[in-house]
Amino acid sequence: MKVGFIGTGSMGGLLIDAFLSSGGLLAGDVIASNRSPQKLARLAQLHPGITLAESNGETAVRSDILFLCVKPMEFKALTDEIGHCLRSEQIVVSITSPVQIYHLESALPSKIAKIIPSITHSVYSGTSLCVLGSRLGEEDRAQLLQLMSHIGTPVEIFEHHTRISSDFSSCGPAFLSYFIERWIEAAAEATGIDQLLAGKLAGEMLLGTGKLLTEGEFTPQELQDRVAVPGGITAEALNHLRCSLDGVFERLIATTHGKYDEDVAKLDSLFGRDGITHRK
């Protein structure tokens with residue numbers, strides 16, 4: 001099986017690294033193309049044995065599963081470029097959340113999926129969000145989920161939940177790391193604690209908390225109740241957080257959804273699908 005990657009930048013490169021280092025793919029399974037020869041050369045140095053294609057069309061023709069790892073507004077030009085190269089039995093996977101299944105099914109003859117990865121896949125963790133198009137059969141579904149299971153936990157979602165799900169799985173590491181960064185800076189200023197030590201403590205805490213929520217059968221509220229003894233230090237600090245963060249998450253969701261809706265509308269226009277309602 002050949003797995004192709006068009007675009008080997010931040011996330012495309014991460015996926016290739018994760019699949020190969022996890023054993024999900026062998027170097028000989030991978031074919032890649034990029035408009036930057038320098039990026040391809042670096043990729044080949046890191047992973048001897050992968051195939052470097054001379055064009056996106058070559059990657060498209062030679063792939064059984066093809067990951068499209070380009071920016072949202074580059075998709076129309078890319079589908080125009082490779083559409084005539086693709087066949088109905090191939091699986092094309094978009095990793096870009098605003099690109100809708102209907103955009104790609106209208107432009108390409110292949111089976112279409114959307115899989116939103118996360119930076120956490122670099123340590124074989126986190127969830128990949130899987131939206132599977134109507135052309136995929138059960139064997140196709142099993143093949144994709146099995147591939148993604150090597151680098152994380154694949155979770156099937158409704159396409160209209162792509163944005164809110166991505167807020168947790170894909171944007172979440174940035175949101176939480178910002179929270180941790182500010183907390184560490186405040187701790188260092190107030191107490192003089194070494195920031196590297198505080199970062200280690202915070203990272204181990206996040207890892208353990210994640211395990212409690214996924215493996216320990218705690219809900220977030222149950223975990224708070226377990227740690228925050230009434231009248232204690234944690235409970236008092238939690239009350240401060242509740243007041244300080246009032247409305248923050250509502251505004252965060254409004255921000256991510258606003259940008260998402262704007263991008264989908266632009267893509268609708270590019271693909272000639274103005275006026276389509278993508279939310280349910």
Side-chain angles (χ1 to χ4, degrees), residues 7 9-12 14-15 67-79 92-107 112-122 125-134 144 148 152-183 206 209-210 213-214 219-221 224 241-280:
S10 177
M11 192 52 69
L14 184 150
L15 284 174
F67 284 84
L68 305 184
C69 309
V70 300
K71 296 177 181 178
M73 299 310 144
E74 296 175 3
F75 263 79
K76 181 59 168 66
L78 180 59
T79 57
V92 174
V93 180
S94 162
I95 69 163
T96 308
S97 63
V99 177
Q100 305 295 294
I101 295 292
Y102 63 73
H103 291 140
L104 297 182
E105 286 188 340
S106 70
I112 303 299
K114 177 161 67 176
I115 297 180
I116 311 302
S118 170
I119 192 173
T120 55
H121 296 338
S122 62
S125 187
T127 53
S128 53
L129 308 176
C130 304
V131 180
L132 306 180
S134 60
L144 279 178
M148 298 308 300
T153 302
V155 176
E156 291 188 65
I157 63 168
F158 293 114
E159 188 166 29
H160 60 277
H161 286 156
T162 298
R163 181 60 263 153
I164 191 61
S165 300
S166 296
D167 284 352
F168 290 101
S169 65
S170 299
C171 301
F175 298 155
L176 286 180
S177 63
Y178 176 74
F179 181 92
I180 292 295
E181 178 188 36
R182 294 295 303 272
W183 190 3
L206 283 174
T209 302
L213 293 174
T214 57
T219 67
Q221 184 61 61
Q224 291 169 58
L241 278 177
R242 291 188 184 103
C243 295
S244 299
L245 295 176
D246 186 40
V248 166
F249 297 105
E250 290 79 4
R251 293 191 295 274
L252 181 149
I253 291 169
T255 298
T256 60
H257 278 70
K259 176 67 169 103
Y260 178 78
D261 289 344
E262 178 184 319
D263 285 348
V264 173
K266 290 178 181 177
L267 285 160
D268 281 347
S269 180
L270 285 173
F271 280 88
R273 300 289 294 260
D274 289 325
I276 288 180
T277 300
H278 62 276
R279 287 225 194 137
K280 295 181 182 178

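As the structure is a prediction and not an experimental result, all values here were calculated from the model. Note that these values count all heavy atoms, side chains included, but never hydrogens, waters or copies made by symmetry.
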Residue pair [X] / [Y]: nearest heavy atoms and the distance that separates them:
| X | Y | answer |
| --- | --- | --- |
| E159 | V131 | CB-CG1, 3.7 Å |
| L270 | K76 | O-CE, 3.2 Å |
| M148 | P154 | CB-CB, 4.0 Å |
| L104 | S94 | CD1-CB, 3.7 Å |
| L213 | P220 | CD2-N, 3.8 Å |
| G126 | T120 | CA-OG1, 3.2 Å |

Any [X] side-chain heavy atom under 4.5 Å of [Y] side chain:
| X | Y | value |
| --- | --- | --- |
| T96 | K114 | no |
| E105 | I101 | yes |
| I116 | T162 | yes |
| I164 | H257 | yes |
| P72 | L267 | yes |

Is the backbone of [Y] close enough, under 3.5 Å, to the side chain of [X] for a donor and an acceptor to pair up by distance?
| X | Y | answer |
| --- | --- | --- |
| S170 | P117 | yes |
| T256 | I253 | yes |
| T127 | L129 | no |
| S118 | S169 | yes |

Notebook entry, point to check: Residues in ring-ring contact (aromatic ring centres under 6.0 Å, His included) with F75, at least two apart?
Noted result: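 For F75 there are no ring-ring contact (aromatic ring centres under 6.0 Å, His included) partners, ignoring immediate neighbours.
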Notebook entry, point to check: Who pairs with H121 by ring-ring contact (aromatic ring centres under 6.0 Å, His included), at least two apart in sequence or on another chain?
Noted result: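 With neighbours one apart ignored, the set is empty.
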Next item on the list: Just say parallel, tilted or perpendicular for the rings of H161 and F158, cut-offs at 30° and 60°.
Entry: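 Ring orientation, 0 to 90° scale: perpendicular.
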Separation between [atom1] of [X] and [atom2] of [Y], rounded to the nearest 0.5 Å:
| X | Y | atom1 | atom2 | value |
| --- | --- | --- | --- | --- |
| I157 | S165 | CD1 | OG | 4.0 Å |
| F179 | L241 | CZ | CG | 5.5 Å |
| I115 | L132 | CD1 | CG | 7.0 Å |
| K71 | E74 | NZ | CD | 6.0 Å |
| C69 | L78 | SG | CG | 10.0 Å |

Item checked: Note: R163-D167 ion pair, threshold 4.0 Å (strictly below) ->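 D167 and R163: salt-bridged.
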Checklist line | Audit row: T79, F271, side chain to side chain contact (heavy atoms under 4.5 Å, CB included) steps and yes/no | finding: CA-CA 10 Å; T79 57; F271 280 88; 3.7 Å; yes
Next item on the list: Could you please spell out the steps behind the side chain to side chain contact (heavy atoms under 4.5 Å, CB included) verdict for S128 and T153?
Entry: CA-CA 6 Å; S128 53; T153 302; over 6 Å; no
Margin query: Just to verify, what does E156 make a salt bridge (Lys or Arg N to Asp or Glu O under 4.0 Å) with, not counting sequence neighbours?
Written below: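 E156: salt bridge (Lys or Arg N to Asp or Glu O under 4.0 Å) contacts with R141.
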Check: Are there more than 12 heavy atoms of other residues, nucleotides or ligands under 6.0 Å from atom CD1 of I119?
Finding: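 It does not: I119 CD1 has 12 such atoms or fewer within range.
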Next item on the list: Apply the test salt bridge (charged side-chain N to carboxylate O under 4.0 Å, His left out) to residues D263 and K259: give CA-CA distance (whole Å), side-chain angles for both, the deciding distance (0.1 Å), then the verdict.
Entry: CA-CA 6 Å; D263 285 348; K259 176 67 169 103; 2.8 Å; yes
